[in-house]
A.B. asks: 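Please see the structure below; I have some questions.
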Amino acid sequence: MPTVKFLGHSCFLVTNGDQSVLIDPFLTGNPKAACTAEDVNPVAILLSHAHGDHLGDAIAISERTGAQIVAVFELAMYCSGQGANVHPMGIGGQHSFDWGTVKFVQAFHSSSIQTDDGFLYGGMPAGIVLTIGGKTIYHAGDTGLFSDMQLIGRRHSPDLAILPIGDNFTMGIDDAVEATIMIQPKKVVPMHFGTFPPIEVDPNEFKQKMADQAVECHVLEPGQSLEV
Ligand code: NI
Ligand code: MN
């Protein structure tokens, strides 16, 4: 059984046996980070998009551990140019690795890399469908609500959906409830809230609004784990 450990914001460490996969490793500079970038030793790093609160420490962790960064083409090429080991993909494409399978799905957001000379195009923002240890996890990345989440649910029957609830930059609580109803995962975990003032919301309000749904809602504190 894989477990997911919430490391704060949108960062999750998915562990299956003696291997782990890291998603959106924003640890340095994250006031809610449950560990440092030196504490993790993943075989791969999955990135939903290029914004700093998702790309985070990915390149440094890849350089230290050799972990392969799996990302949409333009972001993967940027990371490769910075010295990381990468595997580029596109929205709708799936690839099997020796530790699991990744498919990128759409997300309604933006994606860019902030540099001293301005913004670099980061490719399409994505949601991540990760199948590992016989379980399927849908990490929605940063996104607004869209009705094709129903299609993602129908195609992949996620055991766990990890959805942003912090509003302002992504879905808020009421849209995340609607998303969960469309996706129909077995379990749902909220993310992307409480890290900075504009995304301060009460995750227990999400849990309360999910109470009459047949989906288990788990609000994780940074550092807490859940069996998928
Ligand atoms: Ni973003
Ligand atoms: Mn974000």
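Just so you know, ligand 1 is whichever comes first in the structure, and atom 1 is the first atom listed for that ligand. In what follows, every heavy atom counts, from backbone to side chain, and hydrogens, waters and symmetry copies are set aside.
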A.B. asks: Which heavy-atom pair separates D159 from G134 by the least distance, and what is that distance?
C.D. replies: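 Answer, listing the atom of D159 first, then G134: OD2-O, 4.4 Å.
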A.B. asks: Are more than 12 heavy atoms, taken from residues, nucleotides or ligands other than F146, located less than 6.0 Å from that residue's CZ atom?
C.D. replies: yes
A.B. asks: For residues H139 and D24, report the shortest heavy-atom separation together with the two atoms involved.
C.D. replies: CE1-OD2, 3.5 Å
A.B. asks: Check this for me: R154, atom CZ, are more than 12 non-hydrogen atoms of other residues, nucleotides or ligands nearer than 6.0 Å?
C.D. replies: no
A.B. asks: Angle at the Mn ion (ligand 2) between OD2 of D53 and NE2 of H54, to 10°?
C.D. replies: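 Taking the Mn ion (ligand 2) as the apex, I get 90° for this pair.
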A.B. asks: Within less than 2.8 Å of the Ni ion (ligand 1), any N, O or S from D142?
C.D. replies: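 Short answer: yes, at least one N, O or S atom is under the cut-off.
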A.B. asks: Would one find an N, O or S atom of H9, in either backbone or side chain, under 2.8 Å from the Mn ion (ligand 2)?
C.D. replies: no
A.B. asks: Quick check for you: with the Mn ion (ligand 2) as the vertex, what angle do NE2 of H192 and OD2 of D142 span, to 10°?
C.D. replies: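 Approximately 100° at the metal, rounded to tens of degrees.
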A.B. asks: Check all N, O or S atoms of H51 and name the one closest to the Ni ion (ligand 1).
C.D. replies: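 Looking at H51, the N, O or S atom with the least distance to the Ni ion (ligand 1) is ND1.
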A.B. asks: Any N/O/S atom, side chain or main chain, of H54 closer to the Ni ion (ligand 1) than 2.8 Å?
C.D. replies: no
A.B. asks: Please tell me whether F196 and H9 form a close aromatic pair, meaning their ring centres lie under 6.0 Å apart.
C.D. replies: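 Yes.
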